[in-house]
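Just below is one structure, and these are the notes that go with it.
On a predicted model such as this, the values are computed, not experimentally measured, just so you know.
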Amino acid sequence: MAMGTLITVAAVLAGLNTLLLLPLVGVWIRNYTTFGTGLVGGLVLFAVAMLAENAVAIYFFFSMASFYSGDPGVQQAVLVLRGLQFVAIAALSYTTLR
C-alpha cells in the first residue's frame, strides 16, 4: 500500500532528524572524551536514543504504512510530532555546531 503525502513527509522528516543527529553524536562523543562531564554524557545518550527512535520510525513508516494510512487524524498527529522534533533537533544542532 502506498504511503499518503502526510506520512511521506513525516518519513522524510525522520530521515532529516537522523542526518542532523549524526554530527551531534560525533561532537558530543568527542567532547565527552575530552571533558568527561555528566552533562555531555547525557547529551550523547539523548542523541543515541533519538537516533534509534528515528531509525525505528523510518522502518515502521515503510514496513507498516497501512497502520498510518487509514486515519487522517493519525497522519496529521505523526506529521506534527515529527515536525516539532525536527525544529528541536535543528535548534540543538545550530547551537552545538556554531
Side-chain angles (χ1 to χ4, degrees):
M1 177 181 254
M3 289 196 306
T5 304
L6 294 177
I7 292 301
T8 302
V9 174
V12 168
L13 286 173
L16 289 173
N17 290 341
T18 301
L19 291 176
L20 285 174
L21 285 163
L22 289 172
L24 288 180
V25 169
V27 168
W28 291 337
I29 287 174
R30 187 180 66 232
N31 287 346
Y32 185 74
T33 59
T34 302
F35 303 110
T37 64
L39 176 63
V40 179
L43 290 171
V44 170
L45 290 175
F46 165 79
V48 168
M50 293 300 294
L51 272 171
E53 189 273 334
N54 279 285
V56 169
I58 292 167
Y59 170 76
F60 281 122
F61 284 140
F62 290 104
S63 69
M64 298 183 182
S66 61
F67 286 136
Y68 297 113
S69 63
D71 187 1
V74 171
Q75 292 180 9
Q76 290 173 348
V78 169
L79 178 60
V80 167
L81 291 173
R82 289 286 153 207
L84 289 172
Q85 188 180 69
F86 175 75
V87 169
I89 293 171
L92 195 55
S93 297
Y94 175 76
T95 58
T96 299
L97 300 174
R98 70 180 178 114

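Neither Phe60 nor Leu51 shares a network with the other; the hydrophobic side chains, linked directly or stepwise wherever heavy atoms of I, L, V, M, F, W or Y lie under 4.5 Å apart, form separate groups for each. Under a hydrophobic-cluster definition in which Ile, Leu, Val, Met, Phe, Trp and Tyr are linked whenever side-chain heavy atoms come within less than 4.5 Å, directly or via other members, Leu97 and Val87 are assigned to different clusters. With hydrophobic clusters built from ILVMFWY side chains whose heavy atoms lie under 4.5 angstrom apart, Leu16 does not share a cluster with Tyr94. Under the 4.5 Å side-chain heavy-atom criterion for ILVMFWY residues, no single connected hydrophobic cluster contains both Val48 and Leu45. Linking ILVMFWY residues whenever their side-chain heavy atoms come closer than 4.5 Å, directly or via other members, places Val56 and Tyr59 in the same cluster.
Applying the salt bridge (charged side-chain N to carboxylate O under 4.0 Å, His left out) test to pairs two or more places apart or on separate chains, those with a residue in residues 42-57 are Glu53-Arg82. Residue pairs satisfying the salt bridge (charged side-chain N to carboxylate O under 4.0 Å, His left out) criterion with at least one member in residues 18-27, sequence neighbours excluded, are absent.
Taken to the nearest 0.5 Å, the CG atom of Leu6 stands 5.5 Å off from the CG atom of Leu79. Taking CD1 from Ile7 and CG from Leu13, the interatomic distance works out to 11.0 Å, rounded to the nearest 0.5 Å. Atom OG1 of residue Thr8 and atom CZ of residue Phe62 lie 7.0 Å apart, to the nearest 0.5 angstrom.
Connectivity analysis of hydrophobic side chains (ILVMFWY, heavy atoms under 4.5 Å, direct or indirect) links Val80 to Leu84. Cluster partners of Leu39 are absent, since no Ile, Leu, Val, Met, Phe, Trp or Tyr has side-chain heavy atoms less than 4.5 Å from it.
When all heavy atoms of Asn17 and Phe86 are compared, the closest pair comes out as OD1-CA, 3.0 Å. Residues Ala14 and Ile58 approach most closely at CB-CG1, 3.7 Å, considering heavy atoms.
Side-chain N or O atoms of Thr95 include one that pairs as donor or acceptor with a backbone N or O of Leu92 at under 3.5 Å.
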Expected list for residues 19-33: side-chain donor-acceptor pairs under 3.5 angstrom, two or more places apart:
| unit_1 | atom_1 | unit_2 | atom_2 | d |
| --- | --- | --- | --- | --- |
| Thr33 | OG1 | Ile29 | O | 3.4 |
| Thr33 | OG1 | Arg30 | O | 2.8 |

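Gln76 meets the side-chain hydrogen bond (donor to acceptor under 3.5 Å, both in side chains) test with no other residue; sequence neighbours excluded.
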